[in-house]
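Keep in mind that what you see is a predicted model, and the values were worked out from it rather than measured. We number each residue from 1, following the sequence as shown.
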Amino acid sequence: MLFWLVLAVSAVLAWRRLLHGYAPPPRPLARLAPREAAFLAAAAAATFPSGGAVARASGDAGIVLYVDRWLGSLPAQPRRLMRLLFAVMEQATLVFPAPGRGGRRRFSALSPTQRVAALDGWARSSLAPRRLIFASLRAIVTMGYFGDPAVMRQLRLAPLAVDTPVCEADLLWPPIGRPSSAIRWRPENLSPPSSGQPLDGDGPLHPAYAEERR
């Protein structure tokens with residue numbers, strides 16, 4: 001009887017730890033679960049806080065939405081590994097607690113200061129697997145942050161609007177990752193080559209980066 005009681009209590013505690021208390025994300029997501037979205041938002045805020053070198057908070061940069069879209073383009077195995085990474089780092093405070101009171105709460109429930117300290121512990125760990133896991137998360141969050149047009153504009157890295165001519169190679173190769181049926185150019189679409197005039201660094205930006213996405 002005692003065994004079953006302990007088992008039931010453990011199951012309830014595990015459910016509360018793993019699944020309970022996650023609010024729905026502020027924006028509808030196609031693939032990320034609420035717990036994954038909560039972890040990513042917390043990790044992004046700790047990595048790119050408001051008031052940083054780039055005046056763009058991580059929440060405004062849409063990192064969670066970026067990762068949600070990215071998951072849809074990944075094969076099954078990398079997608080599972082990415083989700084495992086999120087789960088491990090969300091719950092790893094049981095083994096690697098953050099400093100201060102309540103440091104064993106799941107990562108998304110920590111205070112902002114504790115989140116920064118927890119990530120710093122991963123980055124500086126003497127265990128190579130921990131550092132590798134942290135580097136993987138940092139790469140994911142960084143790609144999402146620097147994929148935001150406003151961030152790219154502030155860093156003056158947003159691509160310029162370029163009027164590219166249609167050449168013979170465009171008649172042979174489809175866009176990357178698309179079948180040959182995606183080739184939309186025909187011989188009659190060929191245009192004169194570029195004049196060779198250098199681009200103006202202060203010229204108009206590519207339409208996708210020229211203004212805020214809605």
Could you see if [X] belongs to whatever hydrophobic cluster contains [Y]? Use Ile, Leu, Val, Met, Phe, Trp, Tyr and a side-chain cutoff under 4.5 Å.
| X | Y | value |
| --- | --- | --- |
| Trp173 | Ile183 | no |
| Leu132 | Leu127 | no |
| Leu81 | Leu40 | no |

| task | Would you please classify the geometry between the His206 ring and the Tyr209 ring as parallel, tilted or perpendicular, with 30° and 60° separating the classes? | result |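 Rings of Tyr209 and His206: perpendicular, over 60°.
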| task | Supply the atom-to-atom distance Ser108 OG to Gln91 CD, rounded to the nearest 0.5 angstrom. | result |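 With rounding to 0.5 Å, OG (Ser108) is 8.0 Å from CD (Gln91).
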Would you say that [X] contacts [Y] through its side chain, given a criterion of any heavy-atom pair below 4.5 Å between the two side chains?
| X | Y | answer |
| --- | --- | --- |
| Trp70 | Ser73 | yes |
| Thr164 | Asp170 | no |
| Val67 | Met82 | yes |
| Asp148 | Phe48 | no |
| Arg83 | Leu71 | yes |
| Met89 | Leu85 | yes |
| Leu137 | Trp122 | no |

| query | With no hydrogens and no angle check, is any side-chain donor or acceptor of Gln114 less than 3.5 Å from a backbone partner on Pro97? | reply | no
| Side chain of Thr93, backbone of Ala98: donor and acceptor closer than 3.5 Å? | no
